[in-house]
Engineer: 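Take a look at this one; I'll ask things after.
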Amino acid sequence: CLYLVQPTAALQFNFNSGFFFQYAVDESADRNPTIGTVSVSDAQGPVQFSILHTDFTIDSAGVIKARVQLDSEFKSSYLFDVKAEDAYESVEGPVFVLVNDLNDNSPAFDDSSYATSVSEAANVNDLVIEVFATDGDSSQPNNRITYSFISGNTDNTFAIDSSKARGTITLAKAVDYELVQEFELVILAKDGGTPALNDTVILTVTILDVNDNDPTFALTSYSATLNELVGVGTNFLNVTVTDADSGAGGQLSLRIMDGDSIDPHFSISSSGRITVATNLDRESSSNSDSYSLTLVATDGGSPARSSSVPFTITIIDANDNTPTFTQTSYSKSLGEGTSTGTTILTVSATDIDKPSTVNSEVRYSINTTASVHPGSFNIDSSTGAIFLVKSLDAEQHTQIEFEVTASDGGSPQRSSTVPVTITVLDENDNSPIFRQTSYSKSLSETVSVGSLVALTVADDADGGKNGQIVYSFLTADIPFEIDENSGEITLTQELDYEAVQAYTLTVQAEDKGTVPLRATVSVSVTVLDSNDNTPVFANTPYACSIDENQGTGVLCVQASASDADLTGNTITFTMTGSSKFSIDSSTGEVTTNGALDYELDEQFVLTVTATDSGIPTTRSAPATVTVTVNDLNDNFPVFDQSQQSVTFAEDTPIGTELGQFAVSDKDSGDNGALTVTISDTQGFDSLFDIAFVDGTATITLAGE
């Protein structure tokens with residue numbers, strides 16, 4: 001019997017109650033390494049080996065080799081079967097291959113370099129950074145990594161802990177930015193293999209300066225005085241600020257604060273140069289005469305440190321504001337009998353320059369050169385009260401216009417003027433009078449809404465409001481409106497002659513006197529008819545039925561139409577659709593022009609048109625008349641042959657077809673439904689059968 005054996009039996013082991021051939025081989029960079037040898041016993045003749053795995057081969061001597069490079073990190077063991085067979089039998093056995101790990105992978109840091117920063121205020125044992133390296137080997141100690149410093153750790157300032165997977169770097173001694181600003185450390189990562197493999201990386205540690213000094217102003221407070229007209233961009237003060245820190249902690253930024261916000265009127269540069277940022281206006285400032293500001297200096301440290309000093313700016317008032325009247329104009333109405341010395345009105349102007357100074361003191365005067373009626377009025381220069389000094393006469397002047405000037409006491413002086421209008425009121429002793437005793441107008445009923453109907457004008461000899469007229473209607477429920485100022489009458493609704501043919505309007509003219517006077521006038525409006533209505537048929541659509549073969553003049557229908565217009569409403573009828581009918585143009589009667597033939601025309605659709613007699617254009621409307629022609633039995637059945645001869649043998653089978661005739665009738669319905677029979681006076685009709693289907697009569701032999 002054939003057996004598989006292993007030359008070194010000590011390598012055999014029991015696995016799940018069976019024998020295995022076990023081999024151990026180191027991972028190697030070599031391809032096709034030899035694994036081991038198997039042999040057989042009791043073979044009868046030559047033995048052929050085979051292996052059931054694609055990654056291994058076996059030769060005729062039983063030597064097992066790998067087809068691939070073995071890598072413990074990729075696969076650490078293999079299990080497969082080896083088969084041996086001679087000329088009579090075969091045997092299989094399991095093979096287990098263990099791939100031994102070698103230290104063939106170096107540690108590798110997870111970054112090409114490291115960089116971090118440490119404040120000079122950091123404490124001993126504070127964490128600086130963690131570095132990390134990996135080793136591709138699959139087992140210890142080949143993949144166990146330890147970390148250490150190679151160089152750069154001056155005075156052992158840093159410590160590194162290798163007890164964990166990461167290299168934890170901490171501060172071993174306090175650092176001082178003023179002594180050393182940066183450390184460049186070389187770190188070694190070494191595995192535990194034999195021989196050991198390693199990797200190095202550079203760690204850059206930057207020491208951060210601590211911001212421990214406040215900015216310092218050269219003075220404890222600052223002040224300046226500016227004229228409010230000083231130009232934008234004017235440099236009026238320079239301040240000096242220093243900071244003992246270095247780097248960002250010594251770099252300063254300056255700003256001007258007004259309470260809790262940045263003041264927009266002034267700006268300060270990084271060098272301490274203070275300038276005017278916007279136009280100054282003492283009158284618009286909430287502090288009017290001065291600004292109480294704060295200068296703030298902030299360094300660039302983290303956290304930043306700052307200091308501040310008070311900054312006061314005094315604004316000198318300039319006469320840059322003109323007196324302004326509280327109104328753009330003044331007006332007053334006076335009766336012509338007003339007494340002299342009467343105060344008629346008071347004008348008022350303000351100047352927003354600094355109060356209680358000549359710049360804001362206002363004086364009033366009347367500009368006599370711009371007066372229509374000089375000498376009638378005077379003004380109190382201090383209060384602006386205007387009073388009458390000369391009696392008024394409405395018949396000479398109904399309106400008096402002059403200007404009042406308000407001037408300040410500044411230098412140069414500034415002033416403004418305002419127009420004053422005095423209206424002299426007349427007595428209301430004249431009634432309005434219309435220019436015509438009556439008005440009349442004719443309008444087509446198609447005139448557009450908004451069209452002018454008439455212009456009623458009245459005159460009033462009084463002046464002022466006594467002579468101002470308001471127009472209105474005394475007539476209600478009318479399609480017109482009147483402009484109360486001009487007396488224009490316009491159309492507000494469409495007119496309809498068929499509803500109303502004329503309107504009589506009463507227009508009132510009323511003046512605006514305290515006790516108003518009024519007058520009225522009559523306006524007659526005649527509505528002219530227009531052809532604005534289309535004829536309308538009654539009982540449409542029309543239909544009738546007429547038997548065929550009747551003569552001329554048979555009445556079908558009588559069309560009827562009406563027109564809502566009161567004039568031009570005579571209707572004329574016309575018709576189209578067939579020459580076999582005619583229509584009476586006056587009565588609308590539709591009649592035949594001759595006999596109708598159902599077999600030619602079963603139905604007619606006619607169009608009747610009703611046209612009115614409007615001027616200048618007519619209007620028309622159509623209606624449909626449907627005429628149905630009734631069929632009469634006025635056609636005989638017709639054979640397609642007048643006779644037919646058939647010869648057949650005496651032994652012709654019963655049912656044999658002997659002949660056919662086509663039979664038709666032009667009538668429809670029952671009139672055209674045919675029955676075909678055989679008739680013979682000699683008594684032979686029983687010898688034949690006849691069938692009539694779809695217009696064809698078929699004769700067949702029936703028997704003796």
Side-chain angles (χ1 to χ4, degrees), residues 428 430-462 464-540 560-573 609-623:
N428 190 22
N430 292 285
S431 298
I433 299 175
F434 281 97
R435 295 180 183 179
Q436 294 179 212
T437 57
S438 64
Y439 296 85
S440 62
K441 182 71 173 181
S442 295
L443 296 176
S444 170
E445 65 175 327
T446 60
V447 69
S448 301
V449 172
S451 296
L452 177 65
V453 177
L455 177 61
T456 57
V457 180
D459 300 303
D460 193 308
D462 291 317
K465 288 188 176 181
N466 293 333
Q468 295 177 10
I469 297 174
V470 176
Y471 298 92
S472 61
F473 281 130
L474 298 182
T475 309
D477 299 326
I478 53 176
F480 306 96
E481 67 179 3
I482 188 168
D483 187 295
E484 66 175 8
N485 297 314
S486 67
E488 284 188 353
I489 299 174
T490 54
L491 185 66
T492 59
Q493 301 175 23
E494 291 183 350
L495 299 177
D496 187 356
Y497 176 85
E498 287 69 37
V500 181
Q501 289 80 48
Y503 295 89
T504 300
L505 315 175
T506 300
V507 176
Q508 175 180 274
E510 181 180 79
D511 64 26
K512 295 183 179 180
T514 304
V515 180
L517 301 176
R518 56 188 66 87
T520 60
V521 71
S522 177
V523 179
S524 299
V525 180
T526 301
V527 181
L528 303 179
D529 189 26
S530 294
N531 189 25
D532 58 343
N533 290 285
T534 300
V536 177
F537 279 95
N539 304 319
T540 59
S560 175
S562 60
D563 192 304
D565 289 314
L566 298 182
T567 62
N569 57 6
T570 300
I571 295 176
T572 300
F573 296 96
T609 302
T611 304
D612 64 21
S613 56
I615 297 174
T617 58
T618 60
R619 300 172 73 98
S620 61

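Computed from a prediction, not measured in an experiment: that's the story for all the values here.
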Engineer: Which is it for Q436 and V521 under the side-chain contact (heavy atoms from CB on, under 4.5 Å) test, yes or no, and what are the steps along the way?
Structural biologist: CA-CA 8 Å; Q436 294 179 212; V521 71; 5.7 Å; no
Engineer: Pairs in or reaching into residues 511-535: which pass salt bridge (charged side-chain N to carboxylate O under 4.0 Å, His left out), with residues at least two apart or in two chains?
Structural biologist: E510-R518
Engineer: Would you check, one step at a time, whether the test side-chain hydrogen bond (donor to acceptor under 3.5 Å, both in side chains) holds for T609 with S620?
Structural biologist: CA-CA 7 Å; T609 302; S620 61; over 6 Å; no
Engineer: Quick check against the 3.5 Å criterion: does T456 have a side-chain atom that pairs as donor or acceptor with the backbone of G487?
Structural biologist: yes
Engineer: If I take atom OG from residue S560 and atom CZ from residue F537, how far apart are they, to the nearest 0.5 angstrom?
Structural biologist: 9.0 Å
Engineer: On a heavy-atom basis, which atom in I469 and which in A509 lie closest, and how many Å separate them?
Structural biologist: CG2-CB, 3.7 Å
Engineer: Supply the atom-to-atom distance L474 CG to Q508 CD, rounded to the nearest 0.5 angstrom.
Structural biologist: 4.5 Å
Engineer: If I compare all heavy atoms of P535 with all of D612, which pair ends up nearest, and what's the gap?
Structural biologist: CG-N, 3.9 Å
Engineer: For the residue pair S448 and L491, what are the closest heavy atoms and their distance?
Structural biologist: O-CD2, 3.7 Å
Engineer: Do you know the tightest heavy-atom contact between F473 and I489?
Structural biologist: CZ-CG2, 3.8 Å
Engineer: Please give me the minimum heavy-atom distance between Y471 and D483, naming the atom from each residue.
Structural biologist: CB-O, 3.8 Å
Engineer: Is there a side-chain contact (heavy atoms from CB on, under 4.5 Å) between S613 and T572? Walk through the geometry before answering.
Structural biologist: CA-CA 8 Å; S613 56; T572 300; over 6 Å; no
Engineer: For a side-chain contact (heavy atoms from CB on, under 4.5 Å) check, start with the C-alpha distance between V525 and F480, then their side-chain angles and the critical distance, and finish with the verdict.
Structural biologist: CA-CA 10 Å; V525 180; F480 306 96; 4.0 Å; yes
Engineer: Roughly how far apart are R435 CZ and L455 CG, rounded to 0.5 Å?
Structural biologist: 8.0 Å
Engineer: Examine the side chains of T611 and T618 and answer whether a donor and an acceptor come within less than 3.5 Å of each other.
Structural biologist: no
Engineer: Could you tell me whether N485 atom CG has more than 12 heavy atoms of other residues or ligands within 6.0 Å of it?
Structural biologist: yes
Engineer: Between D565 and E445, does a side-chain contact (heavy atoms from CB on, under 4.5 Å) hold up when you go through it step by step?
Structural biologist: CA-CA 11 Å; D565 289 314; E445 65 175 327; 4.3 Å; yes
Engineer: Which pair of heavy atoms, one from A623 and one from T540, lies closest together, and at what distance?
Structural biologist: CB-CG2, 3.9 Å
Engineer: Would you give the length of the straight line joining atom CG of L517 to atom CG of N430, rounded to the nearest 0.5 angstrom?
Structural biologist: 8.0 Å
Engineer: L495 pairs by side-chain contact (heavy atoms from CB on, under 4.5 Å) with which of T446, L528, L443?
Structural biologist: L443
Engineer: Distance-only, no hydrogens or angles: does the T506 side chain make a donor-acceptor pair with backbone N or O of T475 under 3.5 Å?
Structural biologist: no
Engineer: Any chance CD of E494 has more than 12 other-residue heavy atoms, nucleotides or ligands included, within less than 6.0 Å?
Structural biologist: no
Engineer: Rounded to the nearest 0.5 Å, how far does OH of Y497 lie from CG of N531?
Structural biologist: 13.0 Å
Engineer: Which distance, rounded to the nearest 0.5 Å, do you find between the CG of D563 and the OG1 of T570?
Structural biologist: 9.0 Å
